[in-house]
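In what follows, a structure is listed as structure tokens, so that the remarks can point back to it.
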Amino acid sequence: MSKSELDEAASPGMEPDPLADYRRKRDFTRTAEPLGSDEPAAAPRAARRLFVVHKHDASHLHYDLRLELHGVLKSWAVPKGPSLDPAERRLAVAVEDHPLAYADFEGTIPEGEYGGGTVLLWDRGWWEPDEVWMKQSRGGQVLSPDEALAKGDLKFVLHGQKLKGSWALVQMKGRGAKNWLLVKHRDEWARPGSDIAEEAPLSVASGRTLEQIAAEAGAQAAGGGAAEAGTAAGGAAEAGAAAGGSAGADAAEAQR
Ligand code: MN
């Protein structure tokens, strides 16, 4: 009997667990990522839907856009990261739903584990469907987020620290269901020619760089002597810098 069959057997007649994929890919005895076991039932209903962007220095550096919907974080891996330039159409590869608790996660995932590497909380805030933009482009029709995602055309407003204003996630027809494009709409928050990833690289949670997060995790893992900890931290920072060099990730690698 497979794990997914066991999951179904454990909850007969219930909705399939949206986090089954997320949990199947991870060994929670090794990674500090949240299990999300009590969600979504135990999570208080927030009036505003969360959004976060993680900067993830895994096998290839990429960004992960996460939008709260129905008690989980719908997630897309964006190899080049979001751009405030409406002329930049950024590939966004749909990946597994993540638990809401992941919105607070920053740290390292052990090498050899799924997504192994350093995770930085690059932006956070809340999002809402962009009804104004939807009406303009769909002849007055306003779709729910579920309908919009099913049609492969979500227009939404981000209220983050780095990302603001109206955006579109558009599914690429005939290019595999997982491939979407993330595009900034032209509005007062658009900044043609800018590179927000370059201009604002730090964590919105801790003010740290990727290298600092990696180094501090290395120092903790080393425990004992201060000299030992220093060496381990240096090694982790170097590993992070080396991994960060190959940013031109392809879609398959971007998912890790
Ligand atoms: Mn990732």
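When a ligand or atom number is given, it counts from 1 through the structure's own listing order.
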- Task: Take H159 and E128, measure what side-chain hydrogen bond (donor to acceptor under 3.5 Å, both in side chains) needs, and give me the verdict at the end.
- Result: CA-CA 8 Å; H159 303 270; E128 59 185 333; 2.8 Å; yes
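L182 and L65 get closest at one heavy-atom pair: CD1-CD2, 4.1 Å.
Backbone or side-chain N, O or S atoms of H54 do not reach the Mn ion (ligand 1) at under 2.8 Å.
Distances from the Mn ion (ligand 1) to the N/O/S atoms of H56 are shortest for ND1. For D64, the N, O or S atom closest to the Mn ion (ligand 1) goes by the atom name OD2.
For E198, the CD atom is loosely surrounded, since the number of other residues' heavy atoms within 6.0 Å does not exceed 12.
Two rings, from H54 and Y102, have their centers less than 6.0 Å apart.
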